[in-house]
Amino acid sequence: MNKTFNLLFFIKKNKIRTNGTAPIYLRIPINGKAAEIAAKRYIAPKKWDNR
């Protein structure tokens, strides 16, 4: 049985805190089903690079 998965880090810009930082999330899709996990870290959206 082959299972494929991927890791995707992203920020949630709709949950920006009062100090201007956004939470970092991790999305793990496994065979078409995705799970999101909060990394419990925050970053300024201007510093985030999607690449």
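K40 places none of its side-chain heavy atoms less than 4.5 Å from the side chain of Y25. L7 has its side chain within reach of L26: a pair of non-hydrogen atoms, C-beta onward, lies under 4.5 Å apart.
Listed by chain and number, the residues in a side chain to side chain donor-acceptor pair (under 3.5 Å) with N6 amount to none (sequence neighbours excluded). In this view, I24 and F9, I11, A39, R41, I43, W48 satisfy the side-chain contact (heavy atoms from CB on, under 4.5 Å) rule, not counting sequence neighbours.
Residue pairs that meet the salt bridge (Lys or Arg N to Asp or Glu O under 4.0 Å) test with at least one member in residues 17-33, sequence neighbours left out, are R27-E36.
Nearest heavy atom pair, residue T21 against residue A44, reads CG2-N, 4.2 Å. Closest approach of P45 to A22, counting heavy atoms only: CG-CB, 4.1 Å.
By the 6.0 Å contact criterion, NZ on K12 is enclosed, its count of non-hydrogen atoms from other residues, nucleotides or ligands being greater than 12.
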